[in-house]
Amino acid sequence: MTNHWIDLKNAKVILIEGSNAAENHSMSMKWIMRAKENGAKVIHVDPRYTRTSKIADIYAQIRPGTDIAFLGAIINYILENKLYNEEFVRTHTNALYYTNEDFSFDNGVFSGYDEEEKKYATDSWSYQLNEEGTPIIGTSLDDPQCGFTKLKKFYSRYTFQVASDITGIPVETIKLIADTYVNAGPGTIMYALGMTQHTVGVQNIRSFGVLQLLLGNVGKPGTGINALRGEPNVQGSTDFALLFNYAPGYFNWPNSNQPTLEDWTKKNGTFRRRFFVNLLKAWFGENATPDNDFGYGWLPKKDANKNYSIYRIFETALDNTMKFMYIVGQNPMVTSPNLNLVHEGFCKLDMLVVNDLFMTETASFWEKPGVDPSEIKTEVIFLPAASFLEKEGTLTNSGRLVQWRYTGIKPVGKAKSDLEIFDLIYTKMRDLYKNSTDPKDEIFKRMTWEYPKENTSMADAVLKEINGYDLKTGKLATGISALKDDGSTSSGNWLYAGVYTEEGNHSMRTGNSDPSGLGVFPEFKWCWPGNIKIIYNRASADINGKPFDEKNKYIWWDAAEGRWTGYDIPDVGNINDGPDQPGGRKPFRMTGEGVGRLIANTYHDPDVTYEPLPRDVSSVPADGPLPEFYEPVESPTTNILHPNVAINPCLKYPRIEAKQPIGKKEDFPYVLCTSSIAEHWCAGSVTRNVPWLNELVKETYIEMPVKLADKLSVKNGDRVAVSSARGEIEVKVMVTHRIQPLQINGEEVTVVWMPYNWGYKGLSTAASTNLLTIDAGDPNTWIQETKACLVNIKKA
Amino acid sequence: MKINRREFVKLSGVLGVGLAITELGFDVKKIKASTKEFKLEDSKEFTSVCTFCSVGCGMICHVKDEKLINLEGDPDHVINEGSLCSKGASMSVVPNSDQRVKTPLYRAPGSDKWQEISWDEAIDKVTKKMKEVRDENWITKDSEDGKDYPANRTEAISIVGGAQNNNEECYLLAKMARALGVTYIEHQARL
Ligand code: SF4
């Protein structure tokens with residue numbers, strides 16, 4: 001979230017797209033209803049009418065996977081009718097920047113496309129630079145060279161009619177939504193996995209970015225782009241980089257073709273190098289020195305050409321490369337797509353180790369109904385873990401709020417906290433290697449790892465390490481600005497610097513005063529970065545540091561005091577740098593040019609102190625500098641914009657031909673969308689063991705429109721066989737008015753929906769929906785397209 | 001259980017759905033008021049944060065004789081102001097459930113059952129195998145354009161999970177994974 005949960009109350013219009021917030025983030029409704037009480041309008045765009053639609057002023061049923069076309073039409077309407085915030089667009093975005101003369105978009109692909117590699121060369125996605133190497137900026141939004149002109153041309157194809165044909169939303173509804181969203185402000189956007197679980201997930205969100213930048217809906221109360229993250233601490237686990245491509249704090253994990261820290265810095269910039277040095281100091285302590293590259297050489301390096309995402313884990317198990325899996329509180333035998341492939345992968349492992357609370361389908365994959373355990377040679381070890389109520393530590397919510405959890409009870413039986421389990425495993429491994437002289441094992445001798453053995457004090461010590469220290473004084477680091485790049489400070493995650501200072505552990509704070517009345521609550525817990533509740537809040541003020549909107553002011557430059565001030569911590573480079581100075585000028589200080597990018601750009605600003613190294617190296621999406629509509633991999637129709645480039649041109653799928661078949665609409669005529677429900681959560685590993693919740697919803701089912709039920713001659717409670725190119729399951733039918741057949745490109749398309757929370761373990765068991773879903777993934781994030789695949793349905 | 005199961009089901013099944021939408025969630029205080037037999041006077045309190053979605057609702061937990069006897073929304077929490085949804089409100093079941101696995105378990109190759117083992121045995125087995133796989137599947141270098149680069153990794157071990165863990169756990173898991181030379185490190189963020 002750029003903003004936070006309570007801030008939803010400050011919006012005057014709320015667009016909820018690809019989320020059933022009422023069921024899956026129920027407490028967000030508290031703040032949405034407050035906004036409604038103050039006159040806000042709520043718009044809900046989703047494939048199924050849900051409990052969220054019920055509180056919306058406008059609901060639009062959209063075909064799964066077509067959000068870019070819908071948002072494209074709204075953006076085009078804004079551009080054609082000059083409904084954008086002109087001052088914001090001119091000063092706070094790259095609208096006036098001259099794009100490279102070679103930049104183009106034709107027949108479904110951008111300039112630089114390599115069809116064989118399914119990859120873009122991004123050279124032409126840059127600015128025209130002047131002699132000093134900085135971008136050339138025009139003065140008129142109609143200048144044919146400037147990005148804004150390119151943007152208008154690009155979007156001109158997205159008329160209401162085109163969007164309606166693709167999405168199934170009537171033209172008048174799209175117009176009503178556009179008018180409602182544009183005319184009321186501030187406007188905020190809420191989205192969830194309904195936007196990201198697509199082969200165009202990143203570009204879906206980029207569409208939100210373009211829309212909000214055009215309207216100036218950034219950095220102010222009631223604005224922003226707000227991801228409603230699915231898991232309690234998926235924000236934290238992402239921040240701490242349980243992802244192959246990052247290090248804690250979102251800098252790229254090194255590739256082997258970057259053998260030194262300097263090689264890495266050339267590709268990643270000096271800005272991030274500072275944080276990398278602090279991480280290395282946290283991990284290697286005194287062993288990390290400027291002379292040994294702070295221990296950079298001890299780290300494992302990725303092969304730059306390989307994808308190490310979760311799909312590849314199961315796929316490499318199939319060819320006997322992957323041998324050992326350690327799974328902590330995740331249940332891929334329910335939640336991963338294309339489950340038959342996943343199961344085959346588990347069967348090939350030498351050993352599987354699982355930490356969890358309850359027995360899961362993953363740990364007992366060898367007990368899957370219909371398989372013969374004697375043929376499965378994998379050794380499995382289950383380590384019983386303490387639940388969240390039986391241990392201490394912090395977690396981070398979607399609004400980046402870091403909160404300490406206390407405990408007052410002991411773990412059940414012999415269960416241990418995951419923290420203690422990791423400590424047992426690591427220290428034992430270190431022990432096993434203590435006499436080794438092999439260079440590969442040196443890291444165990446160099447890494448810092450001495451923690452108190454009891455859970456609460458261990459969590460306390462680790463949070464301090466994460467926050468970091470001034471190594472000269474031994475005192476806790478006060479914040480991000482205190483972190484140095486010379487090895488004199490440490491921080492396990494720069495974003496969290498400031499969470500735990502000599503004043504105490506800020507994740508425990510309970511101050512409940514809200515001086516501005518805007519829901520900021522500056523002393524309630526602590527949020528990253530630096531307790532800034534609304535990030536990019538510098539963009540709420542104009543180039544002179546004056547609030548754009550006096551009635552909705554948030555941060556401004558106080559010339560008399562010579563500092564930025566307001567209701568939140570100002571998101572500026574230097575609090576005392578005025579709006580005409582480098583540390584106070586940039587509305588978006590994370591990009592090289594300091595403005596928001598309507599068209600993504602490869603520009604890197606040089607670091608004057610480290611020339612010729614770049615300062616910041618923010619990236620561009622792999623599949624284009626602007627969001628273009630592509631059909632889902634399994635689509636019920638043609639791509640009317642460019643029939644020859646129907647799906648994302650950067651997609652490499654199938655990865656394994658025999659295991660990843662693509663269904664055709666002739667065999668699988670219906671579109672399946674899947675998601676979670678209010679009563680069960682994710683794999684159901686916990687909720688399906690709670691009798692209360694099982695009594696509310698006890699098994700999986702398929703929701704289908706009345707018309708389809710009539711055609712199949714089924715009624716509520718009847719059983720049907722649902723099949724895709726990958727699998728078949730039997731479930732009960734729920735006949736519904738909540739999904740209507742859609743008119744797509746002149747033909748009727750039927751969408752059905754299923755929850756995915758079941759498996760064969762726990763107190764409530766039923767078939768897993770993910771036996772049907774597809775594991776094609778977005779080329780940027782490798783998130784699978786579980787929101788749109790094709791199925792057939794027959795009466796069982 | 002202090003919240004009678006019948007009442008819970010009645011409230012969340014009949015009213016809860018409506019409440020979740022119109023009155024912003026499941027108001028545990030109402031149930032509390034309707035159940036006279038609440039006796040929390042000599043219990044101890046601690047606060048926690050819900051473990052389902054990422055709203056991060058605050059909870060108050062009551063403990064008596066080392067047992068969790070009550071859990072409800074924290075009225076002093078600025079986000080949920082005392083409310084919890086059906087999932088969060090049912091979490092007192094977790095530490096008291098007989099479905100919890102209470103001891104390390106081992107399943108031998110080809111076996112059709114679990115067998116209870118001690119923590120020592122479990123950690124021994126895990127680390128012995130981990131070391132064997134790491135040692136036998138170590139990649140020292142990658143070659144690109146005729147040049148060799150140190151790779152320093154294993155592609156035979158993978159570590160998955162974390163969105164249910166606390167930050168400190170995520171941090172140590174990432175640190176341990178990188179010490180082992182693991183590049184296959186992943187979790188729910190992609191799901
Ligand atoms: S109580 Fe419900 S809304 Fe609150 S964090 Fe838990 S799951 Fe989310």
Side-chain angles (χ1 to χ4, degrees), chain A residues 5 25-27 29-30 51 229 231-232 234 236-238 240 242 256 259 300 302 308 310 313 323-330 335 351 373-374 377 380 382 384 387-388 393-394 397-398 403 405-406 408 412-414 418-419 422 424 426 428 432 443 459 462 521 524 681 689-690 692 695 783, chain B residues 8-9 20-21 24 46 48-49 51-56 63 78-80 85 90 93-94 99-103 105 107 109-110 112 123 126-127 129 131 133 142 149 151-153 156-164 166-172 176 179 181 183-184 186-191:
Chain A
W5 295 107
H25 298 86
S26 311
M27 279 318 127
M29 286 291 134
K30 186 184 280 284
R51 291 163 176 173
R229 307 215 56 183
E231 311 240 353
V234 72
S237 51
T238 313
F240 287 96
L242 293 169
S256 54
K302 296 188 283 139
Y308 295 92
I310 184 152
I313 295 179
K323 296 184 185 306
F324 187 109
M325 249 182 117
Y326 182 23
I327 300 187
V328 183
Q330 183 164 346
T335 55
M351 183 180 271
S374 70
K377 304 295 175 216
V380 189
F382 188 100
S387 79
F388 73 107
T394 60
N397 79 358
S398 270
Q403 310 192 66
R405 285 167 158 169
Y406 295 87
V412 301
K414 293 179 188 154
D418 294 295
L419 208 53
F422 301 154
L424 285 174
Y426 180 86
K428 182 78 186 198
L432 294 177
I443 192 163
V462 175
F521 293 101
F524 187 76
W681 185 81
N689 280 300
V690 177
W692 307 353
E695 201 159 329
I783 291 177
Chain B
F8 175 86
V9 170
I21 293 149
L24 325 165
F46 69 90
S48 188
V49 179
T51 201
F52 291 118
C53 83
S54 59
V55 173
V63 184
V78 300
I79 298 174
N80 60 312
C85 78
S90 70
V93 169
V94 170
Q99 299 298 312
R100 287 283 295 277
V101 182
K102 299 193 175 71
T103 176
L105 300 174
R107 183 258 178 191
D112 62 355
I123 298 296
V126 171
T127 51
K129 190 65 171 188
K131 180 173 186 299
V133 171
D142 287 330
Y149 296 104
N152 225 14
R153 66 170 184 268
I157 303 177
S158 51
I159 290 188
V160 172
Q164 273 289 336
N166 288 337
N167 287 324
E168 296 72 21
E169 295 172 334
C170 294
Y171 174 77
L172 277 201
M176 172 165 83
T183 46
Y184 279 108
E186 284 283 284
H187 82 287
Q188 291 94 334
R190 286 200 216 283
L191 289 174

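Residue numbers begin at 1 in each chain, while the letters A, B, ... track the order of the sequences. When reading the values below, keep in mind they use all heavy atoms of this one structure, side chains included, and skip hydrogens, waters and symmetry mates.
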Inset, instruction - Check the surroundings of atom NZ in B:Lys131: do more than 12 heavy atoms from other residues, nucleotides or ligands lie under 6.0 Å from it? - result: yes

Between [options], who has the most heavy-atom pairs with chain B when the cutoff is under 4.5 Å?
{"options": "A:Phe524, A:Tyr326, A:Tyr308, A:Tyr406", "value": "A:Tyr308"}
{"options": "A:Asn689, A:Thr238, A:Ile313", "value": "A:Ile313"}
{"options": "A:Gly413, A:Ser398, A:Pro300, A:Ser387", "value": "A:Pro300"}
{"options": "A:Asp418, A:Val462, A:Val234, A:Thr394", "value": "A:Thr394"}
{"options": "A:Gly408, A:Pro259, A:Gly236", "value": "A:Gly408"}
{"options": "A:Ile443, A:Val380, A:Ile327", "value": "A:Val380"}

Of all heavy-atom pairs between [X] and [Y], which one has the smallest distance, and what is that distance?
{"X": "B:Ala179", "Y": "A:Tyr426", "result": "CB-CE1, 3.8 Å"}
{"X": "A:Trp681", "Y": "B:Cys53", "result": "NE1-N, 4.0 Å"}
{"X": "A:Gly393", "Y": "B:Glu168", "result": "CA-OE1, 3.4 Å"}
{"X": "A:Leu242", "Y": "B:His187", "result": "O-ND1, 2.8 Å"}
{"X": "A:Arg229", "Y": "B:Ala189", "result": "NH2-CB, 4.1 Å"}

Proximity breakdown for [X] and chain B, heavy-atom pairs closer than 4.5 Å:
{"X": "A:Phe388", "result": "both"}
{"X": "A:Ile783", "result": "both"}
{"X": "A:Phe521", "result": "side chain"}

Heavy-atom pair count under 4.5 Å with chain A, highest-scoring of [options]:
{"options": "B:Asn167, B:Thr127, B:Thr183, B:Val49", "value": "B:Asn167"}
{"options": "B:Met176, B:Lys102, B:Glu169", "value": "B:Glu169"}
{"options": "B:Ile123, B:Leu172, B:Asp112", "value": "B:Leu172"}
{"options": "B:Ile157, B:Ile79, B:Asn152, B:Val78", "value": "B:Val78"}

Inset, instruction - Supply the atom-to-atom distance A:Met27 CE to B:Ser54 OG, rounded to the nearest 0.5 angstrom. - result: 13.0 Å

Inset, instruction - Can you measure from OG (B:Ser158) to CZ (A:Phe324) and round to the nearest 0.5 angstrom? - result: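 Separation between the atoms: 9.0 Å.
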
Inset, instruction - Could you check A:Lys428 against B:Val126 for side chain to side chain contact (heavy atoms under 4.5 Å, CB included), going step by step and ending with a plain yes or no? - result: CA-CA 10 Å; A:Lys428 182 78 186 198; B:Val126 171; over 6 Å; no

Heavy-atom donor-acceptor pair, [X] side chain to [Y] backbone, under 3.5 Å:
{"X": "A:Lys30", "Y": "B:Asn80", "result": "yes"}
{"X": "B:Gln164", "Y": "A:Pro232", "result": "no"}
{"X": "B:Gln188", "Y": "A:Ser237", "result": "no"}

Legend entry - Heavy-atom contact with chain A under 4.5 Å, split by part of B:Val63: side chain

Inset, instruction - Side chain from CB out, backbone as N, CA, C, O: work out which of these in B:Val133 comes under 4.5 Å of a heavy atom of chain A, or both, or neither. - result: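 The answer is the side chain of B:Val133.
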
